[in-house]
Amino acid sequence: MTASPTMPAAIRPVLIENCAVVTMDGPGVAGAEYPDGHVLLDGGRIVAVGRGRCDPALVPADAERVDGTGCVATPGLINTHHHLYQWLTRGLAVDSTLFEWLTTLYPVWAGIDADDVRTAALGGLAHLALGGCTTTTDHHYVVPADAGDVFAAEISAAAAVGLRFHPTRGSMDLGRRDGGLPPDSVVESTDAILAGTADVIDRFHDPAPDSMCRIAVAPCSPFSVTSDLMRISAELARERGVRLHTHLAETDDEEVFCRERFGSTPMEYMESVGWVGPDVWFAHSIHLDDAAIAAMAAGGMAAAHCPVSNCRVGAGIARVPAMLAAGIPVGLGVDGSASNESGVLWEEMHTALLLARGVGGPRAMDVRTALRMATVGGARALGRDGEIGRLAPGYLADVALWRVDAPTHTAIDDPVAALVLGSRPPMAGVWVQGRRVVDADRVVTVDAEAVSRDVVAARRRLLAKAG
Ligand SMILES: Nc1nc2[nH]c(O)nc2c(=O)[nH]1
């Protein structure tokens with residue numbers, strides 16, 4: 001690891017007080033909750049959490065005091081699936097199936113370069129922060145030969161915005177001529193992918209417990225990747241001690257593809273290429289029968305549930321209550337911005353609950369389970385339970401402070417019900433590793449207006465290039 005982004009050395013301690021606190025700190029659904037509590041952050045970690053006022057002996061003299069009156073503090077939300085580069089191509093192919101949408105967009109994405117990737121990442125990450133997200137993945141799988149250093153570009157963007165980052169080295173090596181979905185012009189050779197993946201791990205993966213940047217290996221999907229690449233990627237990830245990620249069971253079209261090409265379901269196929277274990281998390285995981293859910297649970301694989309994107313492309317509704325009942329770790333993901341123009345993780349929590357209840361009735365999912373997926377579930381999917389996703393002493397200082405005292409929320413007594421069932425609350429503050437990223441609905445680390453202007457210009461250039 002030669003170039004991990006680091007946080008500024010000296011960050012003042014922060015005491016958030018007079019707010020409701022939802023810790024998610026127990027093995028159960030929510031853990032301890034305090035209607036009027038405090039959270040003390042120092043040295044990048046949570047030092048104290050509790051009821052009422054913080055013990056004055058614990059509060060450093062130079063601590064910044066944040067009055068959280070009218071707010072609820074939760075662990076920062078964790079986004080387990082994204083394609084940040086798609087921030088430049090939102091609003092295209094809006095009434096298409098996933099395969100139609102992909103085949104429309106692949107040629108546009110083929111023109112992307114490292115500057116575009118940085119610009120898109122700045123836009124998408126700042127937007128995530130505004131929705132209470134403190135850790136995000138990115139699945140970047142379009143890597144044109146002449147694009148420049150796209151992974152350095154997005155990692156520098158995450159360091160600038162200040163989010164904890166889990167970029168995944170995505171890839172495609174199964175072009176149309178070999179029976180895959182993407183055009184041959186956007187796929188890489190298997191050898192280039194493996195060399196490029198090892199290089200990204202060497203340069204950027206930081207396994208430290210307070211890591212701001214961890215890499216995972218992420219060949220794109222069964223219909224865009226050869227079986228050799230799937231298999232060797234798993235071997236490489238395990239040799240290097242990094243996690244594995246891919247799209248799985250997103251659409252009926254994928255199921256047909258797997259049955260025709262491999263003679264198996266998507267899950268059986270992944271098992272056949274070695275993708276079994278608690279180091280694997282699958283995006284979408286919609287079309288899973290009972291056998292596939294049992295296999296996932298037995299193998300320890302996690303799911304990134306992306307309800308808004310799944311509805312946007314009409315892919316289906318994942319069987320989340322069944323997955324949770326089977327013991328599968330389920331996190332939430334916004335998915336790429338071109339299949340979820342909104343890109344706000346709070347919405348995934350809200351939509352996950354509504355969809356689960358729409359299918360399974362009012363007791364199919366409770367509000368604390370929805371928040372738990374967005375926090376603890378995400379931490380488990382990324383292999384970071386024990387580090388992030390809970391408000392407890394020793395955990396990393398990643399906190400979201402939601403304002404629930406506006407007229408939109410005041411009549412709702414339970415702060416978790418207000419947060420999950422109500423409209424999206426304003427963001428009083430977001431801290432990552434103890435550093436303030438959002439203050440009163442404003443990102444304080446980057447100039448969001450300049451970023452928006454750059455996004456518009458980069459999008460225009462990219463679309464013009466595609467003709
Ligand atoms: N929602 C998405 N599904 C995908 N499958 C695949 O191969 N690429 C994508 C993608 O970008 N979004």
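Both counts, for ligands and for their atoms, begin at 1 and track the order of listing.
Within the 6.0 Å centre-distance limit, the rings of His81 and His284 are counted as a close aromatic pair. Taking the six-membered ring for Trp and the full ring otherwise, the centers of Tyr85 and His140 sit less than 6.0 Å from each other. Aromatic rings from Trp109 and Trp87 are positioned such that their centres are separated by 6.0 Å or more. Ring centroid separation for the pair His139 and His82 does not come in under the 6.0 Å cut-off.
Shown here are the side-chain contact (heavy atoms from CB on, under 4.5 Å) partners of Ala418, two or more places apart in sequence or in another chain: Val404, His409, Ile412.
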Do any nitrogen or oxygen atoms of ligand 1 lie under 3.5 Å from a protein nitrogen or oxygen, and which ones?
{"residue": "ligand 1", "atom": "1 (N)", "partner": "Glu250", "partner atom": "OE2", "Å": "2.8"}
{"residue": "ligand 1", "atom": "1 (N)", "partner": "Asp335", "partner atom": "OD2", "Å": "2.7"}
{"residue": "ligand 1", "atom": "3 (N)", "partner": "Glu250", "partner atom": "OE1", "Å": "2.7"}
{"residue": "ligand 1", "atom": "3 (N)", "partner": "Glu250", "partner atom": "OE2", "Å": "3.3"}
{"residue": "ligand 1", "atom": "7 (O)", "partner": "Ser221", "partner atom": "OG", "Å": "2.7"}
{"residue": "ligand 1", "atom": "8 (N)", "partner": "Tyr141", "partner atom": "OH", "Å": "2.9"}
{"residue": "ligand 1", "atom": "11 (O)", "partner": "Gln86", "partner atom": "NE2", "Å": "2.9"}
{"residue": "ligand 1", "atom": "11 (O)", "partner": "Tyr141", "partner atom": "OH", "Å": "2.6"}

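Not one N or O on the side chain of His350 forms a donor-acceptor pair closer than 3.5 Å with the backbone of Leu345.
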